[in-house]
Amino acid sequence: MILQQFMPKVQLSMQQNKIYKIYQLLYDKYGPQGWWPYINHTPSYHPLDYSFPKNQDEIFEVCLGSILTQNTTFSSVVKSLNNLKELNCLSSQKIKNIDKETFKTAIKPVGYFNQKTRYILEFIKFYDSLNGSVPTRDELLNVTGIGEETADSILLYAYNQPQFKVDAYTKRLFLHLGFIDEKYKYKDIKNLVESKLKTIIKNQKDLIIVYQEFHALIVQHGKNFYSKKTYGAGCFLKDQL
DNA sequence: AGCCAGGCTACCG
DNA sequence: CGGTAGCATGGC
């Protein structure tokens, strides 16, 4: 089902919810992001279609992309995924069987290809052991190469679980707006967002979509106003709260 | 030329 | 515990 616009049912207490207000302002400004690209779909971006991932192959592709995208740009990830596609190497089984040097060459555009090859092979061992079931966050964190952000990326975008994903832009934005201070760690920021949103969005599917769009919107906004010092220069959000 | 990107591990004090 | 070097390519 493709919507014309996504508008979650929200409880009335939202007037005082600045976190949700930020989400609304960003959504009004940038619109739905359809954020996670799927290289076998045209177009790969799919705003307002929340029926992804559609099968196990697409779940695995998101997991793979979540690791590949660590500290790099998604355009590099797409290049690497397309290289793997040309090698017919987008499944866990195929990656296990391919020559390791060939694999490293394929993912070269994302950088850190030695590390990431090791991380991906570690992840595949875990992924195969799942037999299609949904991993827990702690299980993911136990895999070498998967930290908090990658775990939440996999849970939120591959498995449609209600886990908000925090990144560097999120922290810079909330710092600039005065919602947090420097001491806030990943989990603190995650808890802040989740606690504010889940109390006013009772429908789980709506909550998941808001988490997915919110993170994507923060990245888009971050690219515009929080990618280089001084962070927040030109950001219009503070004035509109 | 230099900084940043949709981070994580290992190792240090 | 917190802090930091190392990982590596690509784009602007």
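By convention in this document, chain letters (A, B, ...) are assigned in the order of the sequence lines, proteins followed by strands, and residues within each chain are numbered from 1.
- The side-chain contact (heavy atoms from CB on, under 4.5 Å) check on A/Asn71 picks up A/Tyr112, with sequence neighbours excluded.
- Here side chain to side chain donor-acceptor pair (under 3.5 Å) pairs that include residues 140-149 of chain A, with residues two or more places apart or in two chains, are A/Arg137-A/Glu148.
- Remark: A/His176 pairs with A/Tyr226 by the ring pair (Phe, Tyr, Trp, His ring centres under 6.0 Å) rule, at least two apart or across chains.
- Residues forming a side chain to side chain donor-acceptor pair (under 3.5 Å) with A/Ser92 (at least two apart in sequence, or on another chain): A/Asp128.
- Listed pair A/Lys228 / C/dG11 fails the phosphate criterion, with no side-chain N or O lying under 4.0 Å from OP1 or OP2.
- Every stem involving DNA chain B, taken as at least 3 paired positions in a row under the Watson-Crick or G-U wobble test at 3.5 Å, is listed here: B:2-5 with C:9-12, B:7-12 with C:2-7.
- A/Tyr186 is linked by a ring pair (Phe, Tyr, Trp, His ring centres under 6.0 Å) to nothing, counting only residues two or more places apart in sequence or in another chain.
- A/Phe214 meets the ring pair (Phe, Tyr, Trp, His ring centres under 6.0 Å) test with A/Tyr23, A/Phe164; sequence neighbours excluded.
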List the atom pairs, with distances to 0.1 Å, where a side-chain N or O of residues 53-60 of chain A and a protein N or O form a donor-acceptor pair under 3.5 Å, not counting sequence neighbours.
| residue | atom | partner | partner atom | Å |
| --- | --- | --- | --- | --- |
| A/Lys54 | NZ | A/Ser51 | OG | 2.6 |
| A/Asn55 | OD1 | A/Asp57 | N | 3.0 |
| A/Asn55 | OD1 | A/Glu58 | N | 2.8 |
| A/Gln56 | NE2 | A/Tyr127 | OH | 2.8 |
| A/Glu58 | OE1 | A/Lys54 | N | 2.7 |
| A/Glu58 | OE2 | A/His41 | ND1 | 3.2 |

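- In terms of the side-chain contact (heavy atoms from CB on, under 4.5 Å) criterion, residue partners of A/Thr136 (sequence neighbours excluded) are, by chain and number, A/Asp138, A/Glu139.
- Here the range on DNA chain B touched by chain A, meaning any atom under 4.0 Å from one of its heavy atoms, is B/dC4 to B/dT9.
- Residues satisfying the side-chain contact (heavy atoms from CB on, under 4.5 Å) criterion with A/Lys79, sequence neighbours excluded, are A/Pro109.
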Could you list, one pair per line, each protein nitrogen or oxygen that sits under 3.5 Å from a nitrogen or oxygen of nucleotides 6-9 of chain C, together with the distance?
| residue | atom | partner | partner atom | Å |
| --- | --- | --- | --- | --- |
| C/dC7 | O2 | A/Gln115 | OE1 | 3.3 |
| C/dC7 | N3 | A/Tyr112 | OH | 3.4 |
| C/dA8 | OP1 | A/Tyr112 | O | 3.4 |
| C/dA8 | OP1 | A/Phe113 | N | 3.4 |
| C/dA8 | OP1 | A/Asn114 | N | 2.8 |
| C/dA8 | OP1 | A/Gln115 | N | 3.2 |
| C/dA8 | OP2 | A/Asn114 | ND2 | 3.2 |
| C/dA8 | O4' | A/Tyr112 | N | 2.9 |
| C/dA8 | N6 | A/Tyr112 | OH | 2.3 |
| C/dA8 | N1 | A/Tyr112 | OH | 3.0 |

